[in-house]
**Q** 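Sharing a structure with you now.
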Amino acid sequence: MAKTITLEVARYRPEQDAEPAFESFDVPLNSDWVVLDALNYIKDSLDGSLSFRWSCRMGVCGSCGMMVNGDPKLTCATFLTAYDPGPIRVEPLRYFPIVRDLVVEITDFMNKLKAVKPWIVREEEKPLAEGEYLQTPEQLESYKQFSMCINCLCCYAACPVVGLDQHFIGPAAIALAQRYNKDSRDQGAEERLDVLSQHEGIWGCTFNGECTRVCPKNVDPAGAIQQYKIKAVTEWYKSLLMPWGRK
Amino acid sequence: MKQSPAYTLYHPKWYRKRVSTWWWTEQWRSFKFILRELSSLAVIYFVGLLLWLLWSLGQGAESYRDFLEWMKEPWMIAFNVIALIFVLYHSITWFNLAPKAMPVRVGGKRLPEWMVAAPNYVVWIALSAVIVWLMLGGD
């Protein structure tokens with residue numbers, strides 16, 4: 001028989017369990033299998049009641065973020081062989097309420113994300129006849145890194161501040177705010193600063209750096225937040241020295 | 001924003017886990033982070049020590065001599081060595097984080113991290129050298 005590896009999967013069935021417990025499954029240790037393949041194998045062949053989220057299985061959709069041996073990972077990009085001989089512990093993303101098995105409740109994040117207006121804000125749209133908004137490669141470069149975020153929430157599961165203060169707006173939302181602030185077509189930086197310069201915004205961050213370490217897309221949310229802090233301080237000084245400067 | 005009651009109706013039993021007070025002892029990384037945060041206390045301590053030195057200097061020669069005697073106590077030396085280690089840890093982690101917080105762009109390209117961190121170290125070492133020179137007599 002081919003080699004196998006044990007997956008210890010956190011199960012929580014709200015209708016019967018008071019709290020999550022681990023259930024072990026032996027899955028084939030195929031060299032081209034990722035943790036998500038193993039979960040799909042369990043669901044198809046061993047226990048059809050296992051619940052988890054996934055979609056694209058290629059690191060684009062951001063649905064399959066889970067804790068793998070205590071570290072937040074995109075399970076579609078985490079190979080089983082990296083954990084040989086196992087066992088591999090698979091748990092739902094830390095700090096989020098668990099709905100069932102590996103599925104977490106993310107409404108709170110969606111609300112936080114909306115609060116920072118992650119879209120291009122224009123004071124006035126220019127008429128269509130004037131054509132598109134042009135951008136130089138340098139202007140694109142200044143925000144491109146932050147635009148790689150896929151909302152997988154690995155950074156939330158890594159951030160101790162998220163765990164300790166549920167009002168903290170969190171790494172991905174701030175990085176995405178910065179993605180639009182740095183976009184030459186955007187004019188919404190001031191509106192976003194009003195939300196993010198509060199205590200639960202950028203100032204909640206202690207620069208632990210875990211978000212950047214775990215980010216599967218190399219977005220560097222920690223860097224984004226510190227840069228934002230510097231910007232907030234300079235804006236504050238400006239408004240102090242030149243109160244007439246701001247509208 | 002309030003969640004709609006209909007939404008919570010179908011998820012009556014979310015499981016929420018409380019974060020333990022001792023979360024930072026679970027991983028070496030978190031422990032180092034908490035040490036870094038605590039090292040700011042050592043910075044406060046040395047500022048206090050400097051103010052105390054200036055104050056005893058202002059009180060006259062005898063008071064200053066008492067201060068020096070106090071500094072020679074073995075437990076005081078041990079305490080200062082530990083505090084110094086914390087301050088060094090504080091400074092080094094701070095300088096290493098500087099390039100992440102302040103990416104410098106020259107001609108559209110981001111400078112490598114060491115080029116932002118290095119000037120901090122150079123100024124730090126130069127200032128320390130000047131202070132050591134002053135302490136050794138300044139000639």
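Below, chains carry the letters A, B, ... as their sequence lines are ordered, and counting in each starts from 1.
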**Q** Do A:R192 and A:D186 sit within salt-bridge range, that is, some charged N less than 4.0 Å from a carboxylate O?
**A**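 A salt bridge links A:R192 with A:D186.
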**Q** Name the region of B:L97, side chain, backbone, both or neither, that has any atom closer than 4.5 Å to a heavy atom of chain A.
**A** both
**Q** Can you tell which part of A:A18 gets under 4.5 Å to a heavy atom of chain B, answering side chain, backbone, both or neither?
**A**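 Only the backbone of A:A18 comes within 4.5 Å of chain B.
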**Q** Determine whether the aromatic ring centres of residues B:W52 and B:F67 are separated by less than 6.0 angstrom.
**A** yes
**Q** What residue in A:I225, A:I230, A:D220 has the most heavy-atom pairs under 4.5 Å with chain B?
**A**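 The residue among A:I225, A:I230, A:D220 with the greatest pair count is A:I230.
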**Q** Is the A:W119-A:Y180 ring centre distance short of 6.0 angstrom?
**A** no
**Q** Flag the one option from A:Y95, A:F96, A:F207 with the top tally of heavy-atom pairs under 4.5 Å to chain B.
**A** A:F207
**Q** Under 4.5 Å from any heavy atom of chain B, what part of A:E210 do you find: side chain, backbone, both or neither?
**A** side chain
**Q** Relative to chain B, which segment of A:T206 carries a heavy atom at a distance below 4.5 Å: side chain, backbone, both, or neither?
**A**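 A:T206 touches chain B through backbone and side-chain heavy atoms alike.
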**Q** Salt bridge or not for B:R65 and B:E62, using N-O below 4.0 Å?
**A**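 No, no charged N to carboxylate O under 4.0 Å.
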**Q** Closer than 4.0 angstrom, basic N to acidic O: yes or no for A:D183 and A:R179?
**A** yes
**Q** Non-hydrogen atoms of chain A under 4.5 Å away: do they reach the side chain of B:K100, the backbone, both or neither?
**A**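 When you check distances to chain A, atoms from both the backbone and side chain of B:K100 fall under 4.5 Å.
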**Q** Can you tell which part of B:R18 gets under 4.5 Å to a heavy atom of chain A, answering side chain, backbone, both or neither?
**A**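 Interface part for B:R18: neither.
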**Q** Return the minimal non-hydrogen interatomic distance between A:P92 and A:V104, and the atom names on each side.
**A**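 Looks like CB-CG1, 3.6 Å.
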